[in-house]
Amino acid sequence: MQAPKPLRKALLDWYAHARRKLPWREQPSLYGTVVSEFMLQQTQVSTVLPYYDRWLKVFPDFASLAAASEVEVVKQWEGLGYYSRARNLQRLACEVTANGLPDTFDGWLALPGVGPYTAAAIVSIGLDLPHAVVDGNVVRVLTRLYAIESNFSNNASAVKSIAPLADALLAQESPGDFNQAVMELGATVCTKGQPSCVICPWRPYCKAAGRGDPSTFPRIQRRAVVQKSVQRIWLQTAAGLLMERIPDTAKRLAGHYELPLAESCQDFVSINKRPLVIKKRGIANESISEAIHACTLKSGVEPSSCLSAETDLQWIPIAQLESIQISGPHRRWIRGILGTANS
DNA sequence: AACTCGGGGCC
DNA sequence: GGCCCAGAGTT
């Protein structure tokens with residue numbers, strides 16, 4: 001390995017002037033660090049920014065978050081995805097409010113929603129403890145720096161393989177800045193498609209840049225995408241729009257509302273043959289096509305008789321759509337359809 | 001080790 | 001349209 005010392009200095013000098021002004025950096029606090037790290041799990045900085053600002057206004061500290069209701073917490077998270085993060089963050093707030101803040105890596109790791117990455121980020125940034133983070137950015141930057149040609153079977157094995165390198169490189173005296181600097185480099189310079197090697201502080205040390213093929217790293221096998229298709233209905237009456245509530249016991253989008261599945265309504269609606277619109281969305285390795293069919297009630301059926309305890313169907317007055325939790329794509333689709341209808 | 005969990009940005 | 005993103009929990 002290249003002597004780590006010049007690499008550390010080059011990176012930290014670059015980070016001192018190139019780092020983006022982000023709210024959790026401008027007004028640093030342990031609470032802000034924890035909130036930002038939860039939001040940033042599998043989510044890009046630009047997406048997180050508005051959520052972070054609003055979150056700190058509504059829940060300014062651990063105690064206020066611990067005291068909030070779960071519905072309120074998930075409502076503030078709406079649209080950000082991976083809702084277990086919100087519930088885990090609140091459980092964490094309850095635990096630290098009751099038992100105090102951990103001061104070790106293992107102490108943070110034991111809290112809900114905190115894995116190896118998040119624990120290392122929190123203790124390095126918030127407590128100056130020397131733990132290296134390994135996320136997607138770090139994997140990309142280090143596999144390029146050393147031109148590691150291993151074909152990793154998945155992301156987890158790449159992280160595991162890169163961890164010792166990250167530990168060896170870590171600047172022990174400023175672990176928080178070093179960790180953020182590597183990730184900042186990955187996010188702004190050593191990007192996936194076309195890295196900006198000419199402005200990279202590690203250009204003189206980078207094996208992949210020297211060879212001219214940095215964008216071919218890391219080499220990680222991706223899972224095949226599974227195609228799925230779903231039929232949904234659009235049924236609007238004087239009572240409002242028919243929506244289906246996803247049970248609290250569901251793993252995905254528990255407690256959220258979506259447009260009803262056609263199979264939940266087949267007993268009482270007539271479905272127009274041609275769908276109103278066909279939308280697509282992705283969830284992890286699934287590509288889901290959702291056809292939305294405009295419907296009418298079968299003759300003689302009253303709106304109230306559509307509702308039953310088994311299906312979780314509810315009439316939502318149009319004016320109240322904003323105040324319930326709706327999955328992000330469905331909220332956009334509904335706005336689009338209502339907007340088209342009104343114009 | 002494999003699966004599940006959202007949504008948005010980007011080429 | 002495919003890929004990726006400051007990952008963690010469950011099985």
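Protein chains get the first letters and strands the later ones, always in sequence-line order, with residue 1 at the start of each.
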Pairs involving residues 123-135 of chain A, ordered by first then second residue, that meet side chain to side chain donor-acceptor pair (under 3.5 Å) (sequence neighbours left out): A:Ser124-A:Asn179, A:Asp135-A:Asn137
Distance under 6.0 Å and angle within 45° of ring axis: A:Arg219 vs A:Phe217: yes
Donor-acceptor pair (no angle test) under 3.5 Å: A:Tyr82 side chain, B:dG6 base: yes
Sugar-phosphate only, base, or nothing, as touched by A:Arg332 at under 4.0 Å among non-hydrogen atoms: sugar-phosphate
Of A:Gly115 and A:Ile220, the one whose closest DNA chain C nucleotide lies more 5': A:Ile220
Sugar-phosphate, base or nothing in reach of A:Val48, heavy atoms under 4.0 Å: nothing
Toward the 5' end of DNA chain B, by each residue's nearest nucleotide, A:Ser153 or A:His256: A:Ser153
By salt bridge (Lys or Arg N to Asp or Glu O under 4.0 Å) - contacts of A:Arg332 (at least two apart): none
5'-most by nearest nucleotide on DNA chain B - A:Glu258 or A:Lys160: A:Lys160
Atom-pair distance (CZ on A:Arg91; C1' on C:dG9), nearest Å: 10 Å
A:Asn154 CG - C:dC5 P separation (whole Å): 14 Å
Those residues that, when tested against A:Trp24, pass side chain to side chain donor-acceptor pair (under 3.5 Å) (two or more places apart): none
Integer-rounded Å distance: C:dC5 P and A:Lys192 NZ: 8 Å
Interatomic distance where CD1 belongs to A:Ile326 and P belongs to B:dG7 [whole Å]: 12 Å
For atom OH of A:Tyr51 and atom C1' of B:dG6, their distance in whole Å: 10 Å
Rounded distance in Å - CG (A:Asn155) to C1' (B:dA1): 14 Å
Any residue of residues 18-30 of chain A with a heavy atom less than 4.0 Å from an atom of DNA chain C: A:Arg20, A:Leu22, A:Trp24, A:Arg25
Touch class at under 4.0 angstrom, heavy-atom based, for A:Gly186 against every strand present: nothing
DNA chain C contacts made by residues 34-47 of chain A, counting heavy atoms under 4.0 Å: A:Glu37, A:Leu40, A:Gln41, A:Gln42, A:Gln44, A:Val45
Counterpart residues, salt bridge (Lys or Arg N to Asp or Glu O under 4.0 Å), relative to A:Glu184 (two or more places apart): A:Arg20, A:Arg25
Touch class at under 4.0 angstrom, heavy-atom based, for A:Thr118 against every strand present: sugar-phosphate
N/O (side chain, A:Arg331) to phosphate O (OP1/OP2, B:dG7) under 4.0 Å: no
Sugar-phosphate, base or nothing in reach of A:Gly136, heavy atoms under 4.0 Å: sugar-phosphate
Separation of B:dT4 C1' from A:Tyr83 OH (nearest whole Å): 15 Å
Under-4.0 Å side-chain N/O to phosphate OP1/OP2 contact, A:Arg140 with C:dC5: yes
